[in-house]
Amino acid sequence: MRIKNRNNVKVLFFYYIYNMNRFGYACINTELTAKGISSSRSMKLSTFLKNGRTHYDTTVIGNLGSLLQTLKWNEEHGIKVFRISNDLFPHKNRVTLDELLEVEPIRVLLSGIGEYAISNGHRLSFHTDAYSVLASQRESVVANAVNDINFVSGVLDAMGLECTPLHKVNVHIGTSKPSKPQAAENFINGYNLLSPSAKRRLTIENDDKPSAFTVDDLYNLIHTHIRIPIVIDYHHHSIHNDGVDLENALSKALSTWNGVRPIVHYSSSRKLYEDVKSPVTAHADFIYEKIPTFGRDFDIMLECKSKEQALLKYVSCL
DNA sequence: CATGGTCAAGTGGCA
DNA sequence: TGCCACTTGACCATG
């Protein structure tokens, strides 16, 4: 949605009347990646152990430079919402953010990225991967999850981004063992181990597996206790919802944001639109239907395999 | 230089 | 209790 209009009042009025949702995409810009500009260069453990910190720092500095270029590309294309890849900093359990911030180019790039994001009104966030399980029954897994979440929350802090779910760190619950209520309690115990910054940024997302947490589960078993916002994933909800309809689930999720602009996740079903042999959980390359918003205003993180291309295609059809 | 096997991570279903 | 599938993009050894 590219709006270039000298008459700001008119533009604001337009937004007000039409209740404009903003769109973002996750982690990878395929166009820039094809040109070698990637903020998610990773590193095998063997390489990290063999080549050490100098090599690691070089990779991270490259990722940060590419991230800034990606944000500039986003700005040029009217995109204000972006999820940062976890691979921005690989091997977060083998380095500390404090020691990395002693490296001048890393510190300078982080603050530069933050300044750019703030001056252009960009919303940046993280989403830890499926292996960060705060609710795990294994103490070492919880410790790793706490470290990961604190780390990326600290990265957002180092960028100078406001410490609220506007710049969130999103997680899945990741397990429902030994029982859903007990897993929720374990999650809350894990939450209490987080840094103050991470606690203020943390959000939780519904999942698609039959045993996993729906929006209602998140609301009843977690939100009522620690009041953190719920990110509804439309695709997950469509697969696993315990009979609650979309409008109700959406409404419940939006009600948890406490004045911060909510965000949701959206993707089309690959099985339904692109390849019947795909599992129901697979995401499509593009968006194939009008995203139902029920007249509500919030940000929409698109999780399409074709990334920014899917976003541009979708908004060009609005 | 292109390609495809391998890697990280943790859960959960199944022998 | 052990093993493998699951997921994903990028690494990196091989040809």
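Side chains are part of it too, since the values below use all heavy atoms of this structure and drop only hydrogens, waters and symmetry mates. To find a chain, count down the sequence lines: A is the first, B the second, and so on, and within it residues start at 1.
- Remark: A/S136 is in phosphate contact with B/dT11, judged by side-chain N or O atoms under 4.0 Å from OP1 or OP2.
- Checking B/dG13, B/dT11, C/dC11 against every side-chain atom of A/K177, the shortest atom distance belongs to B/dG13.
- With hydrogens and angles ignored, no donor-acceptor pair closer than 3.5 Å exists between the side chain of A/Y131 and the base of C/dT8.
- A/Y288 and A/F286 have perpendicular rings, their planes meeting at more than 60° on a 0 to 90° scale where under 30° would count as parallel.
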Identify the pairs formed between an N or O of the protein and an N or O of nucleotides 1-5 of chain C at a distance under 3.5 Å, and give each distance.
none

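- Within the 4.5 Å cutoff, no side-chain heavy atoms of A/R83 are placed close to those of A/F126.
- The side chain of A/R94 lies closest to B/dA9, out of C/dA10, B/dA9, B/dG12.
- A/K44 places its NZ atom 9 Å from the C1' atom of B/dA8, with the value rounded to the nearest Å.
- Taking only side-chain atoms of A/V141, from C-beta outward, the nucleotide of B/dG10, B/dA8, C/dT7 with the closest atom is B/dG10.
- Between B/dG10 and A/T175, no contact under 4.0 Å exists linking OP1 or OP2 to a side-chain N or O.
- At the heavy-atom level, A/T59 lies nowhere under 4.0 Å from the strands shown.
- Taking atom CG of A/N51 as the reference point, atom C1' of C/dC11 lies 12 Å away to the nearest angstrom.
- When heavy atoms are screened at a 4.0 angstrom cut-off, A/S85 is found touching no nucleic acid atom at all.
- Picking from C/dC11, C/dT7, C/dG9 the nucleotide with the shortest atom distance to the side chain of A/P279 gives C/dT7.
- Separating the NE2 atom of A/H127 from the P atom of C/dG9 is a distance of 14 Å, rounded to the nearest angstrom.
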Salt bridge (charged side-chain N to carboxylate O under 4.0 Å, His left out) assessment of A/K80 paired with A/D299: CA-CA 10 Å; A/K80 301 281 191 182; A/D299 291 336; over 6 Å; no

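- Taking atom CZ on A/R83 and atom P on C/dG9, their separation rounds to 12 Å, with Å as the unit.
- The 5' end of DNA chain C is approached more closely, in terms of each residue's nearest nucleotide, by A/I28 than by the other of A/I28 and A/H55.
- For A/S46, no side-chain nitrogen or oxygen approaches OP1 or OP2 of B/dC7 to under 4.0 Å.
- As a whole-Å value, the separation of A/H91 NE2 from B/dA8 P is 7 Å.
- Contact annotation: side chain of A/K209 to base of B/dT11, donor-acceptor pair absent below 3.5 Å.
- Classification of A/R270 and A/D285 as a salt-bridged pair holds, one side-chain N sitting under 4.0 Å from a carboxylate O.
- Distances shorter than 4.0 Å separate some side-chain N or O of A/N144 from OP1 or OP2 on B/dG10.
- Computed from coordinates, the A/M43 CE to B/dC7 C1' distance equals 14 Å when rounded to whole Å.
- With rounding to whole Å, A/Q137 atom CD is found 10 Å from B/dT11 atom C1'.
- Comparing B/dG10, C/dA10, C/dT7 against the side chain of A/R41 picks out C/dA10 as the nearest.
- The minimum heavy-atom distance linking A/D233 with A/N206 is given by the pair N-OD1, 2.7 Å.
- Aromatic ring pairs are classed by plane angle as parallel below 30°, tilted from 30° to 60° and perpendicular above 60°; the pair A/H127 and A/H265 is tilted.
- In this structure, A/K252 satisfies the cation-pi test against A/Y219, with its NZ or CZ atom closer than 6.0 Å to the six-membered ring centre and inside 45 degrees of the ring normal.
- For A/R270 and C/dT8, the CZ to C1' distance is 13 Å, given to the nearest whole Å.
- Ionic pairing of A/R107 and A/E102 is not present here: no N-O contact between side-chain nitrogen and carboxylate oxygen is shorter than 4.0 angstrom.
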